[in-house]
Amino acid sequence: MILEEDGSSYFYVWQPGGSPPTKRMPHKFHRPAPLTRPLHGLVLICCPSTGYHVCNPSTGETLDLPDTALPAKMNNRLPFYHRRVAYGLGYYSTTDEYKVVRLFSSTYKGNNLTFCEVFDLGGAPYWRPIAGRPPACILDENPGIFLDECVHFLCRGGRIISFDVRSETFGVVEPPPNTWHASVRMTELDGCLCVYHENIGHRHGPYHIWVLRDYAKQQRRWEQLCRIDPMAWQESDRKQLRSSWIAPLVMYDGDSG
């Protein structure tokens, strides 16, 4: 997303190592932030003032999702309201269905409560509650990660809730070791669920990057991909990691190519 000199904004498409960036659709969103990686061309974005939108930068189509700037369930004037929400975009290949999923969480009288709603793209223009109740957790506001026809939501302590887009049921993925007292984030890396974190209190790392292997085979195992310790670097190099957040983007094996 690039702001032009005349004040207009456009989406651009660029492939690392490929041709120069290509200008796509113009947009009038205010400070848009992409939340998900493209899913068959669709991207879920968030704007501070207008909420969440699904757009296709290649075709120019945009869908404004209702009740997302401040969801009614998060209105603190209600006797009971949810404090946290996380959104994700999913797809079910058999029926060619796209769904936006959102998970709410709150703490009430010492209990952690969660609630789930689904918005069917191409269906009725409203959020519908699902039949089941998600596992109780305190949500991290990390966007939902779509993998193997499930949208995955990160909870405090690194615990992960999976939402099956087909059956609309829930599962739980246990986190990598030693993540409870850590600042944890989650993404997709090379077709694997990826968790990365630094221990709380360690301002300059080390950073741990884990990937979940054998997901589809139900023989899940966390593998520590790497451990980055900036304190072993020269000060000039260490300054490059002093950012508010660091996220792995690609995985490269120099031996295998």
Side-chain angles (χ1 to χ4, degrees), residues 29-36 43-54 63-90 99-120 125-146 150-165 168-176 179-188 193-201 244-247:
F29 298 119
H30 176 61
R31 294 167 55 196
L35 294 183
T36 61
V43 181
L44 180 64
I45 67 173
C46 177
C47 300
S49 57
T50 57
Y52 292 78
H53 313 264
V54 177
L63 175 65
D64 303 328
L65 298 177
D67 187 33
T68 56
L70 179 61
K73 290 180 175 58
M74 301 182 75
N75 187 341
N76 59 11
R77 296 179 181 178
L78 298 175
F80 173 75
Y81 64 97
H82 295 278
R83 296 179 181 272
R84 293 172 175 264
V85 63
Y87 288 75
L89 176 63
K99 302 179 182 182
V100 182
V101 186
R102 66 180 183 183
L103 222 59
F104 294 91
S105 75
S106 188
T107 302
Y108 182 68
K109 293 184 178 180
N111 297 315
N112 297 329
L113 304 176
T114 50
F115 185 79
C116 180
E117 291 181 330
V118 170
F119 189 95
D120 300 293
Y126 56 81
W127 293 93
R128 59 175 175 83
I130 67 162
R133 174 75 70 174
C137 77
I138 300 177
L139 273 178
D140 191 303
E141 295 182 355
N142 192 103
I145 305 300
F146 181 66
C150 291
V151 181
H152 299 80
F153 294 94
L154 183 65
C155 302
R156 185 175 297 177
R159 190 164 175 250
I160 300 166
I161 291 177
S162 64
F163 176 80
D164 189 309
V165 177
E168 299 195 351
T169 57
F170 292 93
V172 175
V173 179
E174 293 302 323
T179 57
W180 181 251
H181 297 291
S183 178
V184 181
R185 303 297 289 170
M186 182 173 66
T187 186
E188 179 268 330
L193 207 59
C194 172
V195 165
Y196 54 101
H197 66 89
E198 61 177 328
N199 294 333
I200 293 178
S244 58
W245 59 272
I246 296 173

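Atoms considered below: every heavy atom in the structure, side chains included; atoms not considered: hydrogens, waters and symmetry mates. We're numbering straight along the sequence, starting at 1.
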Exercise: identify the closest heavy-atom pair between [X] and [Y]:
| X | Y | result |
| --- | --- | --- |
| Val184 | Val195 | CG1-CG1, 3.4 Å |
| Gly90 | Phe146 | CA-CD1, 3.6 Å |
| Pro66 | Trp127 | O-NE1, 2.8 Å |
| Ser162 | His152 | CB-CD2, 3.6 Å |
| Thr36 | Gly144 | CG2-O, 4.2 Å |
| Asn142 | Met186 | OD1-N, 3.1 Å |

Kindly state each residue pair satisfying salt bridge (Lys or Arg N to Asp or Glu O under 4.0 Å) with at least one member in residues 125-145, sequence neighbours excluded.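 Passing the test, one end in residues 125-145: Asp120-Arg128, Arg128-Glu168, Asp140-Arg185.
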
Working to the nearest 0.5 angstrom, can you tell me the gap between [X] [atom1] and [Y] [atom2]?
| X | Y | atom1 | atom2 | result |
| --- | --- | --- | --- | --- |
| Leu89 | Ile45 | CG | CD1 | 12.0 Å |
| Thr114 | Arg84 | OG1 | CZ | 13.5 Å |
| Glu174 | Ile160 | CD | CD1 | 9.0 Å |

Ignoring hydrogens and angles, tell me if any N or O in the side chain of Ser106 forms a donor-acceptor pair with the backbone of Leu113 under 3.5 Å. no

Verify, without hydrogens or angle tests, whether Thr187 (side chain) and Cys194 (backbone) share a donor-acceptor contact under 3.5 angstrom. no

Listing, residues 67-76 side-chain donor-acceptor contacts under 3.5 Å, not counting sequence neighbours, or none:
from: Asp67; atom 1: OD1; to: Ala72; atom 2: N; distance (Å): 2.9
from: Asp67; atom 1: OD2; to: Arg102; atom 2: NH2; distance (Å): 3.1
from: Thr68; atom 1: OG1; to: Tyr52; atom 2: N; distance (Å): 2.9
from: Thr68; atom 1: OG1; to: Leu65; atom 2: O; distance (Å): 3.2
from: Lys73; atom 1: NZ; to: Glu117; atom 2: OE2; distance (Å): 2.5
from: Asn75; atom 1: OD1; to: Arg77; atom 2: N; distance (Å): 2.9

I want to check something: taking the side chain as every heavy atom from C-beta on, are [X] and [Y] in contact at a cut-off of under 4.5 Å?
| X | Y | answer |
| --- | --- | --- |
| Val54 | Phe119 | no |
| Asp64 | Thr50 | no |
| Cys137 | Ile161 | yes |

The test is side chain to side chain contact (heavy atoms under 4.5 Å, CB included); show your working for Val165 and Val151 and say whether it passes. CA-CA 7 Å; Val165 177; Val151 181; 4.0 Å; yes

List in chain and number order the residues that pass ring pair (Phe, Tyr, Trp, His ring centres under 6.0 Å) with Phe170, two or more places apart in sequence or in another chain; answer none if no residue qualifies.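 Listed in chain order: Phe163.
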
